Amino acid sequence: MNGRDLVRSWWSVGVTGAAREPRTVRAAWRRRGADATGPGPRARARVPGAVREVEPGPGGGVIRFARSELRVLVAVNGAVFWGWDGAGPEPSYALAGACPEPDPRAELEPDTDGGWRVVAERVTVAVSRHGALEVLTPGGVTLRRDLPPRWWEAEDGGPARWMQRSEVPADARFFGPDGPVKGPRPRDGAHRLGNGVTGTGTGTGTGSAAPVTMPVQLVVADAGTHLLFVDNPWDGTLTLREGAEGAGSGHDRVGTSELRMEGGPVRGWVMAGTPARVLLTWASLAGAPALPPAWAFGHHHVREGAGGEDEVRRVVAAHLERGLPLDAVHLGDGHLDGGRAFTVDQDRFPKLPVLADELRREGVRLVSVVPAAVRAEDRRGEGVFPDLPDARVRYAGQAARGFAGVWHTVDGSVPSGRVDALCLGRAAHEGLRDEVPADERPLVLSPSGWPGSQRYGGVWSGKGAVGWPGLRASLARVVGLGLCGVPFSGPDVVGGGRDGGFELYVRRLQLAAHLPLLRTGAVGPADGGPWEYGAAVLGHARVALGERRRLLPYFVTLAHLARRTGAPMVRPVWWPAPEERELRDCEDAFLLGDALMVAPVLEPGAVRREVRLPRGRWYDTATGRAYEGPAKVLVDAPLERIPVFARAGAVLPVRAEDGGTELEVWAPAPGRSGGGLVVPESGDDGDGQEAERYSVTRSGPRVVVRRETEDGAQEPSRPVRVRGLDGTGGQM
């Protein structure tokens, strides 16, 4: 399949080309509603058949069956590619560059029962004589087994639907962005792979499309962790069933997944190893995440109303006067002339660049909405869409108006995901990067995406599901996206008449204050801030936003590390120890980097909650009390805060009272040591910024912090504050 064939395949399911109208897209979008549950009335079924011949090659080779052929490649980074019917790894919008070189030490060799295998350093791939593909650890333990695919080919020459069933160990658990409201683990049932409209998906596993669903699946089992990426932008359905281990003389029931696609290539990648190794390999394929500017980790406020420049000034001043940190204002469709993209209403915003400069001096950036469609000049016609897959397309001119970033919106008339979303992010990122000063980085936020979207920006997941279940769903979405290689994401924090009460609003804000992207929206009809709920809520909001401001240097460090290693900023609690089964089922807490564990309040009326702590010593950051894990502990969670724990020995860069950066060090347990990395904000593109490495040792009541350099250990050049001595929160 060449690039032209791949583009044609997108068009046949409704991805727009130049000047295609939404009515055409809507028709294709409606056709998606019937999932590929079986062949049409006039279709021929086909399976690969038996092996006929083999053509070895670098890193693997081609195995030809009676009615199909399979290409297997083990790359130098340990990733495994497989493609049927001549499908190769390129062209692919998901890949950041060319396909990695094949592993010269990996060869296709005969296996038992007429099959073939490729043995590499990190993985073994076995192919049976009828086309089942098995991925095993170097020790020979099965990670997954993909049965031979089955095609239904239309007699009129249309696209061939296909399906493939897979098996994983009985103890394995699936993780990904299509998690239900209970957590980031997709439960048993059918999950749509076509992306829905922002804010409408709940990800409940009932077949409704969520705002971001990617064909990326992370599987965690005792044998190891692996990631599967099916490189196919067509719509489909993934049906999951977790396995169960037999008790006594009972037999294990393997976990299964069944993938049904409406067309497109049968190809994918598998990466195996520790979670950190898997995400590093995935980042080397799909691309390192974009590094947001430092201000992007602050507080963003969305201004959707139709007011003008003075209204924006009023909202900014209201935040600052009440002691609420504010770093960016996002202008919605209200600042556009008739809703037309790139056309500012000159009556209400006559001097937009002047306003942007004025706010920048206050430390506040302006971010503009960019609708996907460009509305016709007469304002009555339907919008048209650029040919987004064309790499020359740019959304330009925003920086000249004073905007430091853009955020995209879509509506029900346009498919909101897959390759179009990736290309939309690319067009905006490249347009801004060409215009902003060299010492600044652009911000691009999209409501949906496709693997590779992280190369251009982050994901805002909209208002999401309402009520307390929506609070759980927003956490699940951020954790799932991180495991798929998108570290910068977050929900909108809204309240007011949408779904009610001040308690839920406060808990939303407290959670979002510990997620990578923090965006607040309208609380009441005045489209203002938390003060509209009263003095008590304003006080709680001031505490949450103040803590977020204090943690900014830590968020910047995590973003740099995510770009360099692919590791998510927000991680499931099992991340450092996936072999601990009880942690795999913990879905109401998360790790923020290596140093912090956050346990948000997800139920109404709760003032205490149970927290499952991983192995090691953990400190309650509010009280300084030490806990030894693994354990379940019951801790206070009053309305003014949520439980946050620091790992013993951790080094956190935080914002000091004077605005500089200081090191908050949590004392190791007696006789233990610790440490951490700090990446300071450089002000430029940041890729070459050196990471500072610190070590922490404890001898009796004394804690020693050293910076490790090539010239040896040195005294830290930053202020150090030690906490947690004797488990009482004492400082030194």
Side-chain angles (χ1 to χ4, degrees), residues 75-79 94-98 100 122 216 218 225 227 229 269 271 273-297 425 429 433 439-444 449 451-459 478-479 481-489 515-517 551-572 575-576 591-596 647 650-653 661 663 674-695 707-710:
V76 290
N77 60 2
L95 299 188
R122 300 176 189 165
V216 179
L218 193 75
T225 301
L227 181 146
F229 166 49
W269 292 85
M271 287 131 271
T274 64
R277 168 63 68 179
V278 166
L279 268 295
L280 177 62
T281 305
W282 176 228
S284 71
L285 282 174
L291 185 63
W295 58 263
F297 295 101
H429 180 268
R433 193 182 64 176
D439 61 343
E440 297 184 9
R441 300 189 296 272
L443 173 68
V444 176
S453 296
Q454 73 280 353
R455 303 194 295 261
Y456 310 112
V459 170
V478 173
V479 175
L481 284 170
L483 294 177
C484 293
V486 184
F488 188 62
S489 67
L515 299 179
L517 173 63
L551 290 175
L552 279 181
Y554 185 51
F555 275 99
V556 169
T557 289
L558 294 181
H560 279 273
L561 297 180
R563 178 163 179 80
R564 300 178 190 189
T565 68
M569 303 170 67
V570 170
R571 307 166 186 177
W575 175 264
L591 298 177
L592 183 57
D594 289 330
L596 296 179
R647 188 190 301 274
V651 177
L652 274 78
T661 299
L663 303 180
L677 296 174
V678 176
V679 183
E681 173 59 26
S682 63
D684 54 16
D685 60 16
D687 282 349
Q689 190 70 3
E690 180 183 358
E692 301 172 2
R693 183 180 300 274
Y694 293 91
S695 64
R707 180 180 176 184
E708 305 295 331
T709 68
E710 294 181 355

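Predicted, not measured: the structure shown is a model, and the values here were computed from it.
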Distance-minimising heavy-atom pair for [X] and [Y]:
X      : Y      : answer
Arg455 : Ala286 : NH1-O, 2.7 Å
Phe555 : Leu515 : CE2-O, 3.6 Å
Trp282 : Cys484 : NE1-O, 2.8 Å
Ala96  : Gly287 : CB-CA, 3.4 Å
Arg564 : Glu690 : NH2-N, 4.4 Å
Pro442 : Pro293 : O-CD, 3.6 Å

[X] side chain to [Y] main-chain N or O, any donor-acceptor pair under 3.5 Å?
X      : Y      : result
Gln454 : Pro487 : no
Tyr554 : Ala595 : yes
Arg563 : Pro289 : yes

* To do: Could you check Val570 against Leu592 for side-chain contact (heavy atoms from CB on, under 4.5 Å), going step by step and ending with a plain yes or no?
  => CA-CA 5 Å; Val570 170; Leu592 183 57; 4.2 Å; yes

Atom [atom1] of [X] and atom [atom2] of [Y]: how far apart are they, to the nearest 0.5 Å?
X      : Y      : atom1 : atom2 : result
Glu692 : Leu663 : CD    : CG    : 7.5 Å
Leu483 : Trp575 : CG    : CH2   : 6.5 Å
Thr565 : Leu677 : OG1   : CG    : 10.0 Å
Thr281 : Leu227 : OG1   : CG    : 9.5 Å
Arg571 : Leu558 : CZ    : CG    : 6.5 Å
Leu551 : Leu652 : CG    : CG    : 7.0 Å

* Taking atom CZ of Arg707 as the centre, report whether more than 12 heavy atoms of other residues, nucleotides or ligands fall under 6.0 Å from it. =>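 Count over threshold, so yes.
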
Any [X] side-chain heavy atom under 4.5 Å of [Y] side chain:
X      : Y      : value
Thr225 : Leu218 : yes
Pro568 : Leu279 : yes
Val679 : Val556 : no
Leu591 : Pro576 : yes
Glu681 : His560 : yes

* Asked: In terms of the angle between their ring planes, are Phe297 and Phe488 parallel, tilted or perpendicular, with boundaries placed at 30° and 60°?
  -> perpendicular

* To do: Begin with the C-alpha distance, continue with both residues' side-chain angles, and end with the deciding distance and a verdict on side-chain contact (heavy atoms from CB on, under 4.5 Å) for Leu285 and Asn77.
  => CA-CA 9 Å; Leu285 282 174; Asn77 60 2; 4.1 Å; yes

